[in-house]
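Note that ligands are numbered from 1 as they come in the structure, with each ligand's atoms numbered from 1 the same way.
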Amino acid sequence: MVIGGLQRFSLIDFPGKISAIIFTLGCNFRCPYCHNPELVDPKQYAETLQQDNVMDFLKSRTGKLDAVVISGGEPTLHADLPDFVQRIKAMGFLVKLDTNGTNPDLLEELISRKLLDYVAMDIKAPLCKYEEIARVPVNMDAITQSIELLKHALIPHEFRTTIDKSLLTTKDIIDMAALLQGEELYILQQCVTSKVLDKAFMENSKPYDDRQLDNVVTQAQKYVKRCFVR
Ligand code: SF4
């Protein structure tokens, strides 16, 4: 595991729980709106944290925090993620994983070893448009496998999409909701453009307005049980 950041306290990243967030270094996508460029672009890499220091911090928070969120970057790029999570679980914390879904084998291992209590998977775009948003070649079988794994896993999870009119149309969003047919929770999030990977995107970004969001949420809810904008 290469750890690029630690947020010591969060009330919003694990639903209903007080958590700390560990940010792993490195990502295999290059989403223009990524607001953690220092974890994604090697030229901007943050200074790494010692794993033992992070573990010592977590030990000091047992009984005070409920959970640990493993985010990134893309955590599943790190082959030792399951053993790392196991050490965190052994301290009594719940664990949430944020993932872009590109490593279904590791996701399956984490699920089968009962190491996860919540998973948030990004859906970047309708399948035919994925590479346009991720800006790298994408193994689409891996993405669909991860979606299917989570659909059938008996652990709480959410699918979520970062939206912007310059990247995704309302039809794109409805197509993604249709891909998630029958799912419990689909969350849409507007881009935060204060810090992004691609500065040109910052200039071209066009947020959806409230009326458009209401309309798209209503249409998405024909496919998923709950859809809302965060
Ligand atoms: S938004 Fe997520 S998947 Fe995309 S580049 Fe950033 S860390 Fe990677």
Exercise. Where the side chain of Thr169 meets the backbone of Lys165, is there a donor-acceptor pair that is under 3.5 Å apart?
Worked result: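 Flag not set: sc Thr169 to bb Lys165 has no pair under 3.5 Å.
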Exercise. Taking the side chain from Glu183 and the backbone from Leu185, do they hold a donor-acceptor pair closer than 3.5 Å?
Worked result: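 Pair absent, no side-chain N/O of Glu183 close to backbone of Leu185.
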Exercise. What residue and heavy atom of the protein are closest to atom 4 (Fe) of ligand 1, and at what distance?
Worked result: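 Checked against all protein heavy atoms, atom 4 (Fe) of ligand 1 sits closest to Cys31 SG, 2.3 Å.
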For this session: Would you please test Leu77 and Thr24 for side-chain contact (heavy atoms from CB on, under 4.5 Å) and show each step?
Result: CA-CA 9 Å; Leu77 293 180; Thr24 62; over 6 Å; no
Exercise. So which bit of Lys124 gets within less than 4.0 Å of ligand 1, heavy atoms only: side chain, backbone, both or neither?
Worked result: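 Looking at Lys124 and ligand 1, just side chain atoms fall under 4.0 Å.
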Exercise. Just checking, is any N or O donor in the side chain of Asn100 or Asn28 under 3.5 Å from an acceptor N or O on the other one?
Worked result: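 Side chains of Asn100 and Asn28: pair found under 3.5 Å.
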For this session: Consider ligand 1: state whether an atom of it lies below 4.0 angstrom from any non-hydrogen atom of Asn36.
Result: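 Outside the 4.0 Å threshold, so no.
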Exercise. Run the side chain to side chain donor-acceptor pair (under 3.5 Å) check on Glu184 and His157 step by step: do they pass?
Worked result: CA-CA 8 Å; Glu184 198 64 44; His157 58 272; over 6 Å; no
Exercise. Can you tell me if Cys27 has an N, O or S atom under 2.8 Å away from atom 6 (Fe) of ligand 1?
Worked result: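 Coordinating: no.
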For this session: For atom 6 (Fe) of ligand 1, state which one of Pro75, Cys34, Pro32, Ser71 supplies the nearest heavy atom.
Result: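 Answer by nearest heavy atom: Cys34.
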